Protein chains: 2
Amino acid sequence: MSVLNPSLSVDCVIFGLDTQEQALKILVYERDIFPDDNSGNKNLKFPGSLVADDESLDESADRVLKELTGLKNICLKQFRAFGDPARIKYDEEREWSERHYGVKIDRVVTIAYYALIRIDEHNPDQKLIKDKLRWINIDDTDNLAFDHSYILAKSREALQQDFIFQNVMAFELLPKKFTLQQLQSMYELILGSKFDKRNFRKKIGKAEYIVPLGEKQNGVAHKPAMLFRFDHKKFERSKEGIRNFFI
Amino acid sequence: MSVLNPSLSVDCVIFGLDTQEQALKILVYERDIFPDDNSGNKNLKFPGSLVADDESLDESADRVLKELTGLKNICLKQFRAFGDPARIKYDEEREWSERHYGVKIDRVVTIAYYALIRIDEHNPDQKLIKDKLRWINIDDTDNLAFDHSYILAKSREALQQDFIFQNVMAFELLPKKFTLQQLQSMYELILGSKFDKRNFRKKIGKAEYIVPLGEKQNGVAHKPAMLFRFDHKKFERSKEGIRNFFI
DNA sequence: CCAAAAGTGTTTTAATTACACCCATGA
DNA sequence: TCATGGGTGTAATTAAAACACTTTTGG
C-alpha cells in the first residue's frame with residue numbers, strides 16, 4: 001500500500017442494533033497500550049486509521065473498517081471532520097499514535113463516518129473481535145480515547161437527523177421478516193424516545209413500503225405477531241416526495 | 001504564521017441574499033492564472049486555503065475568509081469533507097496550487113464550510129472585491145474550478161436541511177425591520193420553492209419570534225407593508241421543542 | 001388458567017391545502 | 001384613476017394525540 005498521510009485519518013462509528021437485547025450499541029476497538037489499569041474507557045476508540053495518499057476518504061473508510069473489523073459492504077456515511085489541534089490530548093496518546101502508525105504525528109484531522117448495522121447479521125471477524133473489538137452499550141461510553149466521546153455525540157445527532165430525513169438505510173437493521181414491535185423498538189432506540197403503539201401502527205399503516213406477509217411468528221409464549229417485510233423499491237419511490245417540511 | 005499543511009485545506013461557500021434583486025448568490029474568488037481566455041467559470045473558486053498546523057479547522061475557515069474577503073464574525077458551518085484524490089483534476093490546477101501556496105501539492109482534502117449572509121450588510125472588503133471577488137447568481141455556476149461545482153451542490157443540500165431543521169441563523173439575512181414578503185422571499189430562495197402567501201402568513205403568525213412592529217413601510221408606490229422584527233431570545237426558546245418530526 | 005405481548009377504534013384537536021377579492025399608496 | 005403589491009378568511013381535508021380493553025398463544 002502507498003504512503004499514509006500523517007495528518008489525515010478516518011474513524012468509523014458503527015452503530016449496531018441488538019434485536020434480542022433491544023439495545024443500541026457501538027463497536028469499539030481496544031488499544032493495547034494501557035493494558036491493565038483501571039483506566040475506564042480510555043483504551044477504547046473507534047476503528048480508524050490514517051488515510052493513504054491514493055485513496056479517497058470513502059475508500060479509506062471502507063478499507064480501514066474491513067482491516068480492523070472484517071466488516072465489508074457496509075454503507076458508511078461521512079458526517080463531519082474533527083480538527084482541533086488539541087484533539088490528541090495527551091502525550092501518551094500521541095506516543096501511541098506514533099508507535100502504532102510508525103510515522104511522526106503532529107496533528108491529525110479525522111474524517112468521521114457512521115454506519116448502522118444489525119449486530120447479529122454482520123458480525124465482525126471472529127478472531128479480531130476476541131481480543132480487540134467489543135460492542136458496548138451506547139449509554140455506557142464516557143471517556144473514550146482521544147476525542148471519541150465527542151465524535152460519538154456528533155454521530156448520534158447526524159444519525160438521528162438523517163434517520164428523520166429518511167436518507168438512511170435503517171431497514172437493514174431488522175431481520176428480513178420483522179414484527180411491528182421490532183420496528184417500533186428500532187425507531188425508539190435510534191431516536192431515543194418512546195411512541196404510542198397505536199399511533200405508531202396507524203402511521204406505519206400508511207407507509208406502503210412496509211408490507212405484511214401473510215405469516216405469523218411461532219414459538220412465542222404469547223399471541224404471535226404478524227410478520228412484515230420492507231420493500232426497497234417502494235421505499236425509493238416514496239423518498240421522491242420529501243419536500244413538504246417547513247411550510 | 002506557522003507552517004501550512006500541504007494536504008489539508010478549507011473552503012468557504014458564502015451564500016448571499018440579495019434583498020433588492022431577490023436572488024441568492026455565492027461569493028467567488030477569481031484566480032489569476034488563466035487571465036483572459038473564454039474559460040467559462042473555471043477561474044472561479046470559493047475562498048479557501050491550506051490549513052495551518054496550529055489552528056483548528058473552524059479557526060482556519062474564519063482566518064481564510066477574513067484574509068481573502070475581509071468578512072469577519074461570520075457564522076460558518078462545517079458541512080462536509082471532500083477527499084477524492086482526483087479532485088484537483090488538471091495539471092494546471094495542481095500547478096496553480098503549488099505556485100499559489102509555495103509548497104509541493106500531492107493531494108488535498110478540503111473541509112468545506114458554508115455561511116448565509118446579507119449581501120448589502122456584510123460587504124466584503126472593497127479593495128479585494130474589485131479585482132478578485134464577485135457575487136454570482138446561484139443558478140449561474142457551472143464549471144467552477146477544481147470540484148467546486150460539486151461542493152456547491154452539496155452545500156445547498158446542507159443549507160436546506162439545516163434551514164428546515166432550524167439550526168440555522170437565517171434571520172441575519174434580513175434587515176432589522178422586514179416585511180412578510182421579504183421573509184417569504186427568503187424562504188423561497190433558500191428552499192428553492194414557492195409558497196402560498198396566505199398559508200405562509202398563517203404559519204408565520206404562529207411563530208412568536210416574528211414580532212410585528214407598529215410601523216409601516218413608506219415611500220412605496222403601493223399599500224405600505226407592516227414591518228416585523230426577529231426576536232432572538234424567543235427563537236432560541238422555541239428551538240427547544242424540536243423533537244416531533246417523524247412519529 | 002395465567003402470563004405476556006398482540007392487536008385494535010374513537011374522539012378531539014391541530015395543521016394543511018386550496019382559493020379570490022378589496023385596500024392603500026405614489027405616480 | 002391606475003398600477004402595484006399588501007392584506008385578509010373559510011371550508012374541506014388530513015394528521016396528530018390521547019387513551020384501554022380483548023385476543024391468542026405457550027407454559
Side-chain angles (χ1 to χ4, degrees), chain A residues 18-23 164-166 174-175 177-189 191 193-229 238 241-247, chain B residues 18-23 164-166 174-175 177-189 191 193-229 238 241-247:
Chain A
D18 186 326
T19 324
Q20 318 310 319
E21 291 185 38
Q22 308 229 121
I164 290 169
F165 260 81
Q166 305 252 21
L174 294 174
K177 302 174 177 188
F178 55 85
T179 67
L180 294 182
Q181 194 280 116
Q182 288 176 303
L183 184 68
Q184 180 171 348
S185 162
M186 179 185 85
Y187 273 78
E188 291 176 339
L189 288 166
L191 297 179
S193 41
K194 294 282 174 191
F195 306 119
D196 177 89
K197 182 167 60 159
R198 281 179 287 189
N199 292 337
F200 182 87
R201 283 159 189 244
K202 221 180 293 172
K203 189 133 183 173
I204 288 302
K206 283 180 221 143
E208 72 291 0
Y209 50 82
I210 295 169
V211 199
L213 298 155
E215 305 165 57
K216 294 184 173 184
Q217 278 182 314
N218 53 22
V220 288
H222 53 76
K223 179 171 177 177
M226 175 70 75
L227 293 168
F228 290 76
R229 72 181 179 83
S238 82
I242 301 183
R243 209 86 222 55
N244 1 347
F245 273 96
F246 202 81
I247 299 202
Chain B
D18 186 326
T19 324
Q20 319 309 318
E21 292 186 38
Q22 308 228 121
I164 290 169
F165 261 81
Q166 306 252 20
L174 295 174
K177 301 176 178 187
F178 54 86
T179 67
L180 293 183
Q181 194 279 119
Q182 288 176 304
L183 184 67
Q184 179 171 348
S185 162
M186 178 184 86
Y187 272 78
E188 291 176 339
L189 288 166
L191 296 179
S193 40
K194 294 281 174 192
F195 306 118
D196 177 272
K197 182 167 62 160
R198 281 179 288 190
N199 293 337
F200 182 87
R201 282 159 189 244
K202 218 181 295 173
K203 189 132 183 174
I204 288 302
K206 283 179 222 145
E208 72 289 2
Y209 49 83
I210 295 170
V211 202
L213 298 156
E215 304 167 58
K216 294 185 174 185
Q217 278 182 312
N218 54 20
V220 287
H222 52 76
K223 178 171 175 178
M226 175 71 74
L227 293 168
F228 290 76
R229 71 179 179 84
S238 82
I242 302 183
R243 210 84 219 56
N244 359 348
F245 273 96
F246 200 82
I247 301 208

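The sequence lines fix the lettering, A, B, ..., with proteins before strands; numbering per chain opens at 1. The structure presented is a predicted model; accordingly, all values stated were derived computationally and were not measured.
Using a 4.0 Å cutoff on non-hydrogen atoms, the parts of residues 222-229 of chain A near DNA chain C are A:His222, A:Lys223, A:Pro224, A:Ala225, A:Met226, ordered by number.
In this entry the distance linking CG of A:Asp196 with C1' of C:dG9 reads 12 Å, nearest Å. Atom-to-atom, CG of A:Leu183 to P of C:dA6 comes out at 12 Å; the value is rounded to the nearest Å. Note: CD (B:Gln182) to C1' (D:dG5) measures 13 Å, nearest angstrom. Between the CZ atom of A:Phe195 and the C1' atom of D:dA16 there is a distance of 13 Å, given to the nearest Å. Taking atom NZ on A:Lys202 and atom P on D:dT14, their separation rounds to 16 Å, with Å as the unit. Residue B:Gln22 contributes atom CD, which lies 11 Å from atom C1' of D:dG5 at whole-angstrom precision. Look at CG on B:Asn199: it is 13 Å from C1' on D:dA12, rounded to the nearest Å. One atom, CG of B:Asn218, and another, P of C:dT25, lie 10 Å apart when rounded to the nearest Å.
Here the options are B:Arg201, B:Lys202, B:Lys197, the test is side chain to side chain donor-acceptor pair (under 3.5 Å), and the partner is B:Asn199; only B:Lys202 passes.
Judged by distance alone, the side chain of B:Gln182 and the main-chain N or O of B:Thr179 form a donor-acceptor pair under 3.5 Å. Formation of a donor-acceptor pair under 3.5 Å by the B:Gln217 side chain with backbone atoms of B:Ala225 is found in this model. Judged by distance alone, the side chain of A:Glu188 and the main-chain N or O of A:Phe195 form a donor-acceptor pair under 3.5 Å.
Picking from C:dA27, C:dG9, C:dT8 the nucleotide with the shortest atom distance to the side chain of A:Arg201 gives C:dT8. Considering only the side chain of A:Gln181, C:dA6 comes nearest among C:dA6, C:dT10, D:dT8.
Here the NZ atom belonging to B:Lys203 is positioned 9.0 Å from the OH atom belonging to B:Tyr187, to the nearest 0.5 angstrom.
Closest non-hydrogen pair, A:Leu213 versus A:Lys177, comes out as CD1-CG, 3.6 Å. Pairing each heavy atom of B:Glu215 with each of B:Met226, the nearest pair is O-SD, 3.3 Å.
Between A:Gly219 and A:Lys206, the one whose closest nucleotide on DNA chain D sits nearer the 5' end is A:Lys206. Along DNA chain C, the nucleotide nearest B:Val220 and the nucleotide nearest B:Lys197 are compared for position; the residue whose nucleotide lies closer to the 5' end is B:Lys197.
For C:dT16, one of the phosphate oxygens OP1 or OP2 lies less than 4.0 angstrom from a side-chain nitrogen or oxygen of B:Lys203. Regarding contacts with the backbone of C:dA18, every side-chain N or O of B:Arg198 stays at 4.0 angstrom or more from both OP1 and OP2.
Among the heavy atoms of the strands, none lies under 4.0 Å from B:Gln217.
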